Every structure is written in structure tokens, then in C-alpha cells.
Asker: 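Once you've had a glance at the structure underneath, I'll fire off some questions.
Since the model is a prediction, treat every value here as computed from it, not as a measurement. Below, each value reflects all heavy atoms present in this structure, side chains not excepted, and no hydrogens, waters or symmetry copies.
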2 protein chains.
Amino acid sequence: MQTQTTPTVSRSQPQASSQPQASGRSLEHPRREAIRLEDVLHALSDPMRMRVVRTLAEETCELSCSVFDLPVSKSTTTHHFRVLRECGVIHQIYRGTAKMNALRRDDLDALFPGLLDRVLAAAALQEGRLGGDRG
Amino acid sequence: MQTQTTPTVSRSQPQASSQPQASGRSLEHPRREAIRLEDVLHALSDPMRMRVVRTLAEETCELSCSVFDLPVSKSTTTHHFRVLRECGVIHQIYRGTAKMNALRRDDLDALFPGLLDRVLAAAALQEGRLGGDRG
DNA sequence: AGTGTAGTTTGACGATCGCCGTACTAATTC
DNA sequence: GAATTAGTACGGCGATCGTCAAACTACACT
């Protein structure tokens, strides 16, 4: 495990006009039509990735990778976000030093109507049943 | 988890010989409460297993393993059915020389309301999009 | 320029996966 | 009892998975 300093706080700087934009590196995303159900199910079958998706679903805005504070190393975190992006579950863009993440709700709902909501509801129900234990 | 071994004796009572009943060997199934969302999603993320589940969902009666005719070997077929059983997606019983399979709809619907239907609908939709490809 | 922050890349590791063939067990039928 | 049918157990193989540490790149802010 790494020690991740648990920031969890909002940025105080306003970054007004010079808001960092998507720059430099580009990320590959599958087109909507290329998203495959089996890849999405596989992506969601990992507890870490499910956790990311659930957190993303609760927020309306984009979240940087660093706010998630997963109990794995940085490189593993990178790996999980990449899996989620490459299978079409999330959208990622660089913004300054951060990499912002958002659920591809529209695409997923268009391809698999109601699926994401049911998965999220199922995860919440199970967490209730099992008391948040992930063992 | 398996390796139940020593099913040993426990002979079945000879019933009316015209209809084979569940007999001899016993199969372990997880209790409803023990079914985990991540295991179900993982099970469904394999094309062969998804195919089995979709076929099972279309039928109202039990189906033997042999009617599926998956494009893999017998031992691989056994493997996939076992995965589906051990994660709680299907129920299996021996009936004579055959092993009958049924979806655990009630359990899945109780634990994860609407999830199975959405997954099945998503699979059907994707099959439509991608043309008859089912694997 | 220097320091710090955020995330990537590489290579490795053990575990698991999907797959196979062979040999086996169990129930039914001849 | 022998043959048949249906499925299992036992490795084994190559691929993928989740994980890590170490070294690296890219941007921001002194």
C-alpha cells in the first residue's frame, strides 16, 4: 500500500482565466458503437473499479484520479483507470497535472438502457447487506 | 472451495424407472445471501457463459448441459457450467445421466432487482447492433 | 532553475483464466 | 455384465489479471 496523503480537500486556487485545459498527451477512447457489453461487465467485476464507478456516479462533476485514494499503489490505480477508459466506461482528459474522470453515462445508457443504474443499485444493495465489507 | 470429494454412498431410492430423478451426486450451490455481484458480473463477462445464460433465460424449463453445444470441448463446457453454478447464477441438479440447468432468477432478482433483465436486454441489443454474433 | 504534484511506463511476480486431451465415474439400456 | 450416454477430475498450457516498485514524463508554482 502506498501512503496517499488523503487530500480530499477542494482546491483553494481559483485558476480563473488560465484554467488548465486538456493538453499535450491524448487519450484513446472507444467510440460508442465499439463498446462491448462483455468488456463493461468484466471491468465492473473488479471491486476497485466498481468503487471508482460508484464514486463517479455519485458526483456530477469530473473527478481527478487522485481523489479516489484506492488502497493500491499508484501504478495499479493507473491500470484500473485505463481499463475503465479502454472499455468505454469512463472518459478521461488531462487538465493540467491532473487527469479528470467522468462516467460515460450517455453512451452506456444508449447502448445498454438501464444497465448502469441497475448495477449501481445492486452494488448499493449488496453493500447494505454485507455492511460495506469487501472481503 | 469445491473439492467436496467423498460424495460416496448415499444411494438413491429406486423410483419409478420411467422418470429419472435427482440422485446420487450432490452439487453445492451458494445460498442466496452468499451470491456476490462481482462474481455474477465476472461470470457474465465471458461470451460462452453469457450464451448459456441467455439460452436459459429464453426457456421456461430446465435444460441439460448437452443441448447447448458450445464450440468448446466437453471439459471446458463443464468448467463454464461450474463457474455459473458456484457464483449463484444457475441451479444444477442431476437427473439420470443428465445434469439439468436452470437460471436462479428468483434469487438474482431478489438480490439485484432488474439487473438480470437489463443484462439480457443489453446482450440482445448488442447482438442486434453487431449482427448475429453471439460470441 | 528547482521543487513538488500527478500520473505513466516498464518489467516483474504469482494467481487466475479459458482451453485442451485423457482418463475416469455414474446412471441407463441392451 | 457390457455398451452407451452424460458429465467429471486431473493435470497442463499459454494468456491475461491484479499487483507492486522503480524510474520516468508532464505540468505548475515558486
Side-chain angles (χ1 to χ4, degrees), chain A residues 1-5 7 11-13 15 18-27 38-39 42-43 45-51 63-87 92-101, chain B residues 1-28 38-39 42-43 45-50 63-87 92-101 135:
Chain A
M1 334 237 167
Q2 97 278 27
T3 49
Q4 195 124 329
T5 69
R11 309 200 162 287
S12 49
Q13 36 163 358
Q15 65 201 163
S18 67
Q19 179 170 22
Q21 292 296 112
S23 56
R25 299 158 284 182
S26 64
L27 276 338
E38 55 268 36
D39 296 339
H42 170 249
S45 73
D46 181 90
M48 288 300 148
R49 292 192 293 256
M50 176 64 89
R51 186 159 147 171
L63 293 178
S64 75
C65 294
S66 56
V67 307
F68 286 87
D69 195 31
L70 302 179
V72 293
S73 71
K74 271 207 308 181
S75 36
T76 301
T77 299
T78 295
H79 161 72
H80 284 311
F81 277 100
R82 174 153 33 124
V83 170
L84 286 171
R85 168 170 50 83
E86 289 182 344
C87 77
Q92 298 188 291
I93 60 166
Y94 285 105
R95 221 186 276 288
T97 67
K99 194 185 204 172
M100 307 307 289
N101 303 275
Chain B
M1 195 180 283
Q2 89 299 44
T3 328
Q4 181 214 0
T5 64
T6 7
T8 46
V9 281
S10 77
R11 292 189 43 77
S12 61
Q13 324 293 3
Q15 286 96 354
S17 59
S18 57
Q19 183 173 343
Q21 293 295 111
S23 57
R25 300 159 282 182
S26 65
L27 276 339
E28 283 209 3
E38 54 269 36
D39 296 337
H42 170 249
S45 73
D46 180 90
M48 289 300 148
R49 292 192 292 255
M50 176 64 89
L63 293 178
S64 75
C65 293
S66 57
V67 308
F68 287 89
D69 195 31
L70 302 178
V72 292
S73 72
K74 268 205 313 180
S75 36
T76 301
T77 298
T78 294
H79 161 71
H80 284 310
F81 276 100
R82 174 153 33 130
V83 171
L84 286 170
R85 169 171 48 85
E86 288 182 344
C87 77
Q92 298 189 291
I93 60 165
Y94 285 105
R95 219 186 278 287
T97 68
K99 193 183 204 172
M100 307 306 291
N101 303 276

Asker: OP1 or OP2 of dG7(C) sitting under 4.0 Å from any side-chain N/O of Ser66(A)?
Answerer: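 For dG7(C), OP1 or OP2 has a side-chain N or O of Ser66(A) closer than 4.0 Å.
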Asker: Tell me the interatomic distance from Arg95(B), atom CZ, to dT5(D), atom C1', rounded to whole angstroms.
Answerer: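 These atoms are roughly 17 Å apart.
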Asker: Does Ser64(B) reach a base, just sugar-phosphate, or nothing at all? Heavy atoms under 4.0 Å.
Answerer: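 Touches sugar-phosphate only.
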Asker: For His80(B), check side chain to side chain donor-acceptor pair (under 3.5 Å) against everything at least two apart and list the hits.
Answerer: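 Expected list: Arg49(B).
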Asker: Let me confirm one number: the NE2-NE2 distance from His42(B) to His42(A), rounded to the nearest 0.5 Å.
Answerer: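 The NE2 atom of His42(A) is 6.5 Å from NE2 of His42(B), to the nearest 0.5 Å.
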Asker: Do any side-chain atoms of residues 66-75 of chain B form donor-acceptor pairs under 3.5 angstrom with protein atoms, and if so which ones, sequence neighbours left out?
Answerer:
residue	atom	partner	partner atom	Å
Ser66(B)	OG	Ser64(B)	OG	3.0
Ser73(B)	OG	Ser75(B)	OG	3.3
Ser73(B)	OG	Thr76(B)	N	3.3
Ser73(B)	OG	Thr76(B)	OG1	3.1

Asker: Rounded to whole angstroms, how far apart are CD1 on Ile93(A) and P on dA26(D)?
Answerer: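 After rounding, the reported distance stands at 18 Å.
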Asker: Sequence neighbours left out, what passes side-chain contact (heavy atoms from CB on, under 4.5 Å) with Cys87(B)? Give chain and number order.
Answerer: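 For Cys87(B), the residues satisfying side-chain contact (heavy atoms from CB on, under 4.5 Å) (neighbours in sequence not counted) are Asp39(B), Ala43(B), Val89(B).
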Asker: Of all the nucleotides listed (dA6(C), dA6(D), dT9(C)), which has the minimum atom distance to the side chain of Thr97(A)?
Answerer: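 Nearest to the side chain of Thr97(A) among the choices is dA6(C).
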Asker: Could you give the CD-to-P distance, from Glu28(B) to dA9(D), as a whole number of Å?
Answerer: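 So the two atoms are 12 Å apart, to the nearest Å.
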Asker: Whole angstroms only, please: what is the CG-C1' distance between Asp69(B) and dT5(D)?
Answerer: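 Nearest whole value for this atom pair: 15 Å.
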Asker: Using atom CD of Glu38(A) as one end and atom P of dC17(C) as the other, report the distance to the nearest whole Å.
Answerer: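 Interatomic distance, CD of Glu38(A) to P of dC17(C): 18 Å.
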Asker: Test your reading of the model: is there a side-chain donor-acceptor pair from Asn101(B) to the backbone of Leu63(B), 3.5 Å cut-off?
Answerer: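 Confirmed, Asn101(B) side chain pairs with Leu63(B) backbone.
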Asker: Starting at CD of Glu86(A) and ending at P of dT16(D), how long is that distance when rounded to a whole Å?
Answerer: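 Taking atom P of dT16(D) as the reference, CD of Glu86(A) is at 13 Å.
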Asker: For nucleotides 18-25 of chain C, tabulate all protein N/O to nucleotide N/O atom pairs closer than 3.5 Å, reporting atom names and distance.
Answerer:
residue	atom	partner	partner atom	Å
dG18(C)	OP1	Arg49(B)	NH2	2.8
dG18(C)	OP2	Arg49(B)	NH1	3.1
dG18(C)	OP2	His79(B)	NE2	3.4
dC19(C)	OP2	His80(B)	NE2	2.3
dC20(C)	OP2	Ser73(B)	N	2.6
dC20(C)	OP2	Ser73(B)	OG	3.3
dC20(C)	OP2	Thr76(B)	OG1	3.1
dG21(C)	N7	Ser75(B)	OG	3.2
dG21(C)	O6	Ser75(B)	OG	2.8

Asker: Round to the nearest Å and state the distance from Leu70(B) atom CG to dA6(D) atom P.
Answerer: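 These atoms are roughly 15 Å apart.
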Asker: Where do Ile93(B) and Arg95(B) come nearest, in terms of heavy atoms and distance?
Answerer: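 Looking at all heavy atoms of both residues, the closest pair is CD1-NH2, 3.2 Å.
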Asker: How close or far is atom P of dG7(D) from atom CG of Leu27(B), stated in whole angstroms?
Answerer: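 One finds 12 Å between P of dG7(D) and CG of Leu27(B), rounded.
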